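The structure under discussion appears below in the form of structure tokens.
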Amino acid sequence: MKNELLSLLNKNLLAVEPSLIRKFDDEISKIPGIIKLTLGEPYFNTPDHIKIAGIKAIIDNQTHYAPNRGIVELREAISEYLRRRHYAVSYDPQEQIIVTNGASEAISTAMNSFLGEGDMVLCPSPAFGLYRNLAKINGARYIEIDTEDDKYELTPEKLKTYLDEYHTSVKMLVLNYPNNPTGVSYSENEIKKLAEVLEEYPIVGECQEVCVNGNPFPL
């Protein structure tokens with residue numbers, strides 16, 4: 001029965017490797033008294049006021065399906081936060097913002113929406129393993145850009161070299177910053193220089209927000 005089920009699985013799924021972060025975390029979690037710097041979660045519990053708000057929402061019967069895009073009030077709050085504190089950008093909460101179950105769902109939604117069989121994904125290395133696995137599941141080829149010689153930063157020159165080499169097959173660039181796991185980030189000027197390179201190619205760039213040709217592209 002097990003072999004029969006395996007034969008029915010998406011063949012791309014069989015190429016996905018188990019998370020090394022989870023494997024390592026499982027091993028060291030058995031050590032008493034350690035401070036773990038593995039999984040991306042805080043060392044403290046959820047604050048009481050947030051837990052109480054969750055309990056109140058249940059008591060108030062906010063337990064039904066939410067709109068596909070997320071609760072309107074939440075989208076409006078996100079829009080206001082972005083306008084007020086995050087690069088002074090302005091997004092329409094009705095049309096340009098969706099709510100996801102954490103960053104992983106947002107990343108999955110973006111990559112699943114654009115990638116298909118035979119596409120290529122460029123990603124500065126080292127990087128979070130989720131990007132590689134999502135590329136494989138979609139039948140795309142995951143190309144790592146070695147950044148060790150550039151202090152783990154993606155330079156415009158190296159980006160152009162890879163784009164010229166693979167050209168029209170490249171569908172997406174993943175630019176995670178602050179980088180996981182190196183912590184490297186990019187200045188506004190550095191991002192603009194990378195965007196100038198991307199403008200010459202038909203490519204989607206997934207960073208802290210999804211960008212097309214260097215311009216914000218909300219899903």
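A quick note: this is a predicted structure, and the numbers were derived from the prediction, not measured.
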- Message: Regarding N112 and N138, do their side chains bring together a donor and an acceptor under 3.5 Å, going by distance alone?
- Response: yes

Grab the two heavy atoms, one from [X] and one from [Y], that are nearest each other, plus how far apart they are.
{"X": "A135", "Y": "L115", "result": "CA-CD1, 4.2 Å"}
{"X": "E190", "Y": "S187", "result": "OE1-N, 2.8 Å"}
{"X": "N12", "Y": "K136", "result": "CB-O, 3.0 Å"}
{"X": "T182", "Y": "P126", "result": "CG2-CG, 3.5 Å"}
{"X": "S113", "Y": "T109", "result": "OG-O, 2.5 Å"}

[atom1] of [X]: more than 12 outside heavy atoms within 6.0 angstrom?
{"X": "N189", "atom1": "CG", "answer": "yes"}
{"X": "E117", "atom1": "CD", "answer": "yes"}
{"X": "N68", "atom1": "CG", "answer": "no"}

Cluster question for you: counting only ILVMFWY and a side-chain heavy-atom cut-off of under 4.5 Å, with indirect links fine, are [X] and [Y] together?
{"X": "Y91", "Y": "V99", "result": "yes"}
{"X": "I191", "Y": "V184", "result": "no"}
{"X": "Y186", "Y": "L163", "result": "yes"}

Is there a donor-acceptor pair under 3.5 Å between the side chain of [X] and the backbone N or O of [Y]?
{"X": "S185", "Y": "Y177", "result": "no"}
{"X": "S125", "Y": "A127", "result": "no"}
{"X": "K171", "Y": "I203", "result": "no"}
{"X": "R69", "Y": "E95", "result": "yes"}

Just how far is it from atom [atom1] of [X] to atom [atom2] of [Y], taken to the nearest 0.5 Å?
{"X": "Y131", "Y": "N180", "atom1": "OH", "atom2": "CG", "result": "7.0 Å"}
{"X": "S90", "Y": "Q96", "atom1": "OG", "atom2": "CD", "result": "7.5 Å"}
{"X": "L122", "Y": "I145", "atom1": "CG", "atom2": "CD1", "result": "4.5 Å"}
{"X": "F128", "Y": "S19", "atom1": "CZ", "atom2": "OG", "result": "6.5 Å"}
{"X": "L130", "Y": "S104", "atom1": "CG", "atom2": "OG", "result": "5.0 Å"}
{"X": "R132", "Y": "I137", "atom1": "CZ", "atom2": "CD1", "result": "12.5 Å"}

- Query: Taking the hydrophobic residues Ile, Leu, Val, Met, Phe, Trp and Tyr, and joining any pair whose side-chain heavy atoms are under 4.5 Å apart, which ones share a cluster with I28?
  - Reply: F24, I31, I34

Side chain proximity check, [X] to [Y], heavy atoms < 4.5 angstrom:
{"X": "K193", "Y": "V197", "result": "no"}
{"X": "D92", "Y": "I97", "result": "no"}
{"X": "P124", "Y": "L175", "result": "yes"}

I'd like to know if [X] and [Y] make a salt bridge, using a cut-off of under 4.0 Å between side-chain N and carboxylate O.
{"X": "D25", "Y": "R22", "answer": "no"}
{"X": "R83", "Y": "E80", "answer": "yes"}
{"X": "K192", "Y": "E196", "answer": "no"}

Atom pairs and distances, side-chain donor-acceptor, residues 150-162, under 3.5 Å, sequence neighbours left out:
from: D150; atom 1: OD2; to: K158; atom 2: NZ; distance (Å): 3.2
from: T155; atom 1: OG1; to: K158; atom 2: N; distance (Å): 3.1
from: K158; atom 1: NZ; to: D146; atom 2: O; distance (Å): 2.8
from: K160; atom 1: NZ; to: D164; atom 2: OD2; distance (Å): 3.1
from: K160; atom 1: NZ; to: Y201; atom 2: OH; distance (Å): 3.4
from: T161; atom 1: OG1; to: E157; atom 2: O; distance (Å): 3.0

- Task: Could you walk me through whether K51 and D48 pass the salt bridge (charged side-chain N to carboxylate O under 4.0 Å, His left out) test, one step at a time?
- Result: CA-CA 5 Å; K51 291 189 284 189; D48 287 343; 3.3 Å; yes

- Run through I78, L74, V72 and flag the one making a side chain to side chain contact (heavy atoms under 4.5 Å, CB included) with E76. V72

- Task: List the steps, then state whether side chain to side chain contact (heavy atoms under 4.5 Å, CB included) holds for Y142 with M120.
- Result: CA-CA 6 Å; Y142 183 81; M120 288 187 178; over 6 Å; no

